[in-house]
Amino acid sequence: MFKASIFGQNQEPKILCLGAHPDDIEIGCGGTVLRIIEEMPCSHFYWIVFSGNEKRIKEAREAARVFLKHAKSRKIIIHQFKESYFPFVASSIKDCFEKLKQEFHPDVVFTHYKGDAHQDHCLISSLTWNTFRDHLIMEYEIPKYDGDLVTPNLYVHLNESHVRKKIDFILESFATQKEKQWFTEETFRSILRIRGIESNSPGNYSEAFHCRKLVL
Ligand SMILES: [Zn+2]
């Protein structure tokens, strides 16, 4: 069902994952990535993170390798734009998108939600839409202090195995985040369970997205 609804007969889908900070992609769509690779191991991934200091870049690279271990191919790029300053260096970030557009032609793009309250997240979402104008874009959600979650309109069902792996990979990969009060198994599991209820997931869990335009 997942294959038919998203990728049709394309057995080697090209998937682009974009995240402003290390751990955004994993939190927002890590379970969906694991499910895609499980169902379509011939998937090709571009995985791009736009910021990080030395420690966090190392963590981001390791986490991407773990999540994408069984994909057919993977390219992991970590930029070093200063966290929280993205709107002030937008033209340099835009240049990265222009380069990316020449290099990779994705079937689906995972990016931040346009209404996300974090300025870095919001800018990455806007540039995604500026750059990939004729593509399927799925905007993921990030629970956070700002309280900016709203009702999504696209769900990907997950089961306990996807959820277990997603949470373990995140908790094991991002040691620098362990002191943050929200960085817990409970946070990650609870949002997946709520989205699972909303989408009547047979496996109890779902990741949820905002899809502004869908062409069939
Ligand atoms: Zn972030």
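Counting starts at 1 for both ligands and their atoms, following the listed order. The structure presented is a predicted model; accordingly, all values stated were derived computationally and were not measured.
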What is the ring orientation for F183 with F174, classed by angle as parallel under 30°, tilted 30 to 60°, or perpendicular over 60°? perpendicular
Backbone or side-chain N/O/S of D23 under 2.8 Å of the Zn ion (ligand 1): no
Going by distance alone, is a donor N or O of one side chain under 3.5 Å from an acceptor N or O of the other, for T128 and S125? no
Starting from the Zn ion (ligand 1), look over the N/O/S atoms of H21 and name the nearest one. ND1
Do any N or O atoms from the side chain of H135 and from the backbone of V109 form a donor-acceptor pair under 3.5 angstrom? no
Hey, is the Zn ion (ligand 1) within less than 2.8 Å of some N/O/S atom on H121? yes
Does some side-chain heavy atom of E172 sit less than 4.5 Å from a side-chain heavy atom of E62? no
